[in-house]
Enquirer: 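First the structure, then my questions, so here it is.
Remember, predicted model here, so these are calculated numbers, not experimental data. Each ligand, and each atom within it, is numbered from 1 in the order the structure gives.
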Amino acid sequence: MKVCRRETFNAAHRLFREEWSDEKNLAVFGKCSHPNFHGHNYVLEIWVEGEIDPLTGFVIDLKILKDIILTKVIDRFDHRNLNLDCPEFKGINPTTENIAKVVWEILRKELDAKFELEVQVQETEKNKVLYKGS
Ligand code: NI
């Protein structure tokens, strides 16, 4: 059984490689490489898989999951510049893929090992990624 908590945050980023020219960065990363950063309204879907607890009827109490996501992820990234403010992305391009991986690694440490974890990050209405630990 899988359950999901959805949360959102807003953050700025820039996708680029320092050693590449502006032209090459623009060719590879498009508008996301503009030097002065830009923002996205990110949508997270945190999926937790496990057995239903016969005592509570829950896989995991979604209020507990919500509190973990808010304190460990949203407080950390909301209204931040991912490149400049967030050491998690030092030397790592804050692509949707890498955001999903970073969020998964943060949450994996917070959840009991009996749960499977999947992190979906939506960057735009049309683009989203899913990370399951690989
Ligand atoms: Ni972007």
Enquirer: Measure the OG1-NE2 distance between Thr124 and His40 for me, rounded to the nearest 0.5 Å.
Expert: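 Interatomic distance, Thr124 OG1 to His40 NE2, rounded to 0.5 Å: 8.0 Å.
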Enquirer: Under the side chain to side chain donor-acceptor pair (under 3.5 Å) rule, collect the residues that match up with Arg5, sequence neighbours excluded.
Expert: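 With sequence neighbours excluded, Arg5 shows a side chain to side chain donor-acceptor pair (under 3.5 Å) to Glu7, given in chain and number order.
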Enquirer: Could you work out, with salt bridge (charged side-chain N to carboxylate O under 4.0 Å, His left out) as the rule, every residue matching Arg76, not counting sequence neighbours?
Expert: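 By the salt bridge (charged side-chain N to carboxylate O under 4.0 Å, His left out) rule, Arg76 matches Glu88.
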Enquirer: Can you check whether His13 reaches His38 side chain to side chain, under 4.5 Å on heavy atoms?
Expert: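 Sidechains of His38 and His13: in contact.
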Enquirer: Please identify each residue that fulfils salt bridge (charged side-chain N to carboxylate O under 4.0 Å, His left out) with Asp75, with sequence neighbours left out.
Expert: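 For Asp75 there are no salt bridge (charged side-chain N to carboxylate O under 4.0 Å, His left out) partners, ignoring immediate neighbours.
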Enquirer: What protein N/O/S atoms are found closer than 2.8 Å to the Ni ion (ligand 1)?
Expert: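 Result, waters dropped: His13 NE2, Cys32 SG, His38 NE2, His40 NE2.
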Enquirer: Please determine whether a side-chain nitrogen of the Lys or Arg among Lys128 and Glu45 lies less than 4.0 Å from a carboxylate oxygen of the Asp or Glu.
Expert: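 No, Lys128 and Glu45 are not salt-bridged.
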